[in-house]
Amino acid sequence: MKTFNTIIIGSGFGGQSAAINLIKKGNEDFVILERRDFMGGTWCQNTYPGAAVDVQSPLYSISHEPYDWSQMFANQAELNEYTEHVITKYNLRARTQNNCNVAKIEWHDDISRWHVHCEDGRVFEGQFVINASGPLSTPVIPNFKGRDTFKGKSFHTNDWDHSYDYKGKKVAIIGSGASAAQIIPEIAKDVGELHVFQRTPHWVMPRHDYKFKGWQRALLRNKYVYKLLRWSIYWGLETRILGFKYSKAGLYRLAQKPAKEHIKKQIADPVLREKVTPDYTIGCKRIILSDTLYPAYCRDNVHLHSKDDGIAEITETGINTTHGEKLDLDLIIYSTGYDATDGVISYPVIGRGEKKLADVWEDYPRAYLGTVIPDFPNLFIVTGPNTGIGHTSAIFIIEAQMNYIMEAIHRVRSIHARSVEISPEAEESYTNHIHSEMKKTVWEHGGCNSWYKSKSGKVIAMFPGFSWTYWLWTKNFRRADHRFR
Ligand SMILES: Cc1cc2nc3c(=O)[nH]c(=O)nc-3n(C[C@H](O)[C@H](O)[C@H](O)COP(=O)(O)OP(=O)(O)OC[C@H]3O[C@@H](n4cnc5c(N)ncnc54)[C@H](O)[C@@H]3O)c2cc1C
C-alpha cells in the first residue's frame with residue numbers, strides 16, 4: 001500500500017486544478033489516480049468529429065494559465081494541446097498513476113485515513129481524498145430492445161473509433177444533444193445516409209465563433225488584454241442566468257425569439273421547421289450553439305426522425321422504426337450522454353461507521369457547496385451535486401471549489417487536526433436553500449425532461465444562481481459549520 005497525504009481521483013481539469021493548488025500551497029505529497037492509460041479527462045477522451053467547447057476559450061481555461069487560442073471556441077485538438085501544456089508545465093504526469101480505475105474508497109476512523117482501492121488490486125492510503133472523476137465522464141447507453149444483436153459497428157460518442165471509416169456508409173446517430181449537434185454537420189457531408197433519432201429537439205442559437213487574427217493573438221499575449229477579454233466574456237455570459245432563473249417573468253423571450261429566427265433563417269421546409277422547434281421554454285435543456293446543424297438537417301442524405309418516428313427495436317442489420325420502416329445500417333452512434341446525477345460517482349464510497357454514500361444519496365445526491373457530506377470526513381467532491389452551470393465555464397466553478405477545498409485542508413493542517421467534516425445541520429440548510437432557489441428556475445418549470453434531473457425528479461446537475469454567488473460562498477469558510485477532530 002502506498003501512502004500520500006492527498007489522493008486525487010481523475011486527471012481532467014478538476015484533478016489538474018486540485019494538483020496545481022496543492023503544489024502552490026506547498027503540499028506536494030499527493031498522487032493523481034486515473035483510470036485511463038492517458039491523462040486529461042474530457043478533451044483527451046472526446047475525440048469525435050466536430051468536438052469543440054461551447055464556452056469561449058479565454059474563459060473556458062484555468063484562470064492563471066492563459067493560452068494563445070487560435071479561435072474563440074477552441075476545438076478538441078486545441079483543448080487537448082492546452083491540457084498537455086498544463087500537465088507538462090506542472091509535471092503532473094510524474095505524479096499520476098494511470099490505469100487505476102478506482103473501484104472503492106473506504107474511511108478508516110481509527111487511523112483517520114481513506115483507503116482507495118483500484119480495480120487491479122492496488123491500494124492507496126491518504127488523509128484527504130479529492131474526487132475529480134468528472135460530471136460527464138461515464139457514458140450511458142439506454143437498453144434499446146435488441147441492442148446487442150446489431151452486427152454492424154457501434155460506439156458511444158465518448159469512445160469514438162477512428163479506425164472505422166464512415167465515408168459512404170449508412171449511419172444512424174441516436175440522440176440530438178450537444179455532442180450529436182457537433183458530429184452531425186461534420187459527418188453528414190461524407191456518409192451515404194444519416195438517420196438522426198431525436199427524442200426532443202433542443203433550442204439552437206447562432207454560435208458566433210471567431211478565428212483570431214495574427215495581430216489579435218499578438219495583443220492577447222499581453223496578460224492584461226487577455227484578462228480584460230476573459231472578464232468581459234464572463235460578465236456577458238453571467239447575464240444569461242437571469243433568463244434561466246427569472247424565466248417566469250418572461251425574460252426567456254429575449255433568447256427564444258432569436259432562436260426561432262435562427263430556425264426560420266436556416267430552414268425553409270415547414271415540416272422540418274416544426275420537427276426542430278421545441279415545445280418547452282428555452283434554457284430548460286442545454287442550449288446548443290451551432291450555425292451548421294440546421295443546414296445539415298436540410299441535406300438530402302440526412303433524415304431526422306422525431307419522437308413519433310422513433311426506435312422500435314435494434315436488429316441484426318439496423319433499426320426498425322415505430323413507423324414500421326426497416327433501416328439497413330453500417331454504423332450506430334450512441335450520442336446518449338452521461339449519468340450526471342444519480343451515478344455521478346461511479347464507485348462505492350464508504351464513510352464513517354460503514355455509512356454508504358449510495359444510501360445517503362438514495363433519494364437524491366446532495367452535498368454542502370456540492371463538495372462535502374456529513375460522515376464522509378476529508379472527502380471533497382469536485383463538480384459534485386448542484387455545481388453544474390449551463391451559462392458559463394465549468395472550470396470557473398472547479399476553481400471556486402478549490403478555494404473551499406484548499407482552505408479546509410489548510411485549517412486541518414494548521415491546527416494539527418485529523419479531519420474536517422461538515423455538520424449535518426449546515427448541509428441540510430444548504431441543500432434546502434439550493435432546492436428552494438431551484439423552484440424559480442426554468443430547469444424546474446420549463447416543461448422539459450432533461451439530464452439535469454435525477455430519478456427523484458429534482459434538478460441535481462445545475463447550480464441555481466449566479467456563478468459569482470457560488471464563488472463568494474466558497475471564499476467564506478464558515479468555521480462554525482464544520483467539525484474538526
Ligand atoms: C463532450 C463534452 C463537451 C463539454 N463541453 C463543455 C463546455 O462547452 N463548457 C463547459 O463548461 N463544460 C463542458 N463539458 C463539461 C466538462 O466535463 C467540464 O467542462 C470539465 O472538463 C470537467 O472536468 P473534470 O476534471 O471534472 O472531469 P473530466 O474531464 O471528465 O475528468 C474526469 C477524469 O476522471 C477519470 N475517472 C473517472 N472515474 C474514475 C475512476 N473510478 N477511477 C479513476 N479515474 C476516474 C476519467 O477517466 C477522467 O479522466 C463538456 C463535457 C463533455 C463530455
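Start at 1 and go down the list; that is how both ligands and their atoms are numbered. Since the structure is predicted, the reported quantities are computational estimates derived from the model, not experimental observations.
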- Between the candidates N98, T42, N158, which shows the shortest non-hydrogen contact distance to atom 30 (O) of ligand 1? T42

- Message: For V382, state whether at least one heavy atom is located under 4.0 Å from any atom of ligand 1.
- Response: no

- Query: In ligand 1, which numbered atoms sit nearer than 4.0 Å to a non-hydrogen atom of V55?
  - Reply: 8 (O), 9 (N)

- Item | Residue and atom name of the nearest protein heavy atom (relative to atom 35 (C) of ligand 1), distance in Å to one decimal | E34 OE1, 3.4 Å

- Would you say the ring centroid of W468 lies under 6.0 angstrom from that of F396? no

- Query: Rounded to the nearest 0.5 Å, what separation is found between the CD atom of Q16 and the CD1 atom of I87?
  - Reply: 4.5 Å

- Look only at interatomic distance and state if N101 has a nitrogen or oxygen under 3.5 Å from any nitrogen or oxygen of ligand 1. yes

- Have a look at Y60, W43, Y338 and point out the one with the heavy atom closest to atom 5 (N) of ligand 1. W43

- Item | S137 neighbourhood, listing ligand 1 atoms whose heavy-atom distance to it stays under 4.0 Å | 30 (O), 37 (C)

- Check whether the ring centres of Y82 and W69 lie less than 6.0 Å apart, and answer yes or no. yes

- State whether the shortest distance between N or O atoms of I395 and N or O atoms of ligand 1 falls below 3.5 angstrom. no

- Has the side chain of R207 got a donor or acceptor atom that lies under 3.5 Å from a matching backbone atom of L289? yes

- Task: Consider every N or O of G40 and every N or O of ligand 1, then say whether any pair is closer than 3.5 Å.
- Result: no

- Any N/O of G14 closer than 3.5 Å to an N/O of ligand 1? yes

- Could you see which bit of L33 sits under 4.0 Å from ligand 1, with heavy atoms only: side chain, backbone, both or neither? backbone

- Quick one: which ligand 1 atoms are inside 4.0 Å of a heavy atom on T383? 26 (O)

- Are the ring centres of Y430 and W473 closer than 6.0 Å? yes

- Message: Can you confirm, on distance only, whether ligand 1 has an N/O atom lying under 3.5 Å from any N/O atom belonging to R35?
- Response: yes

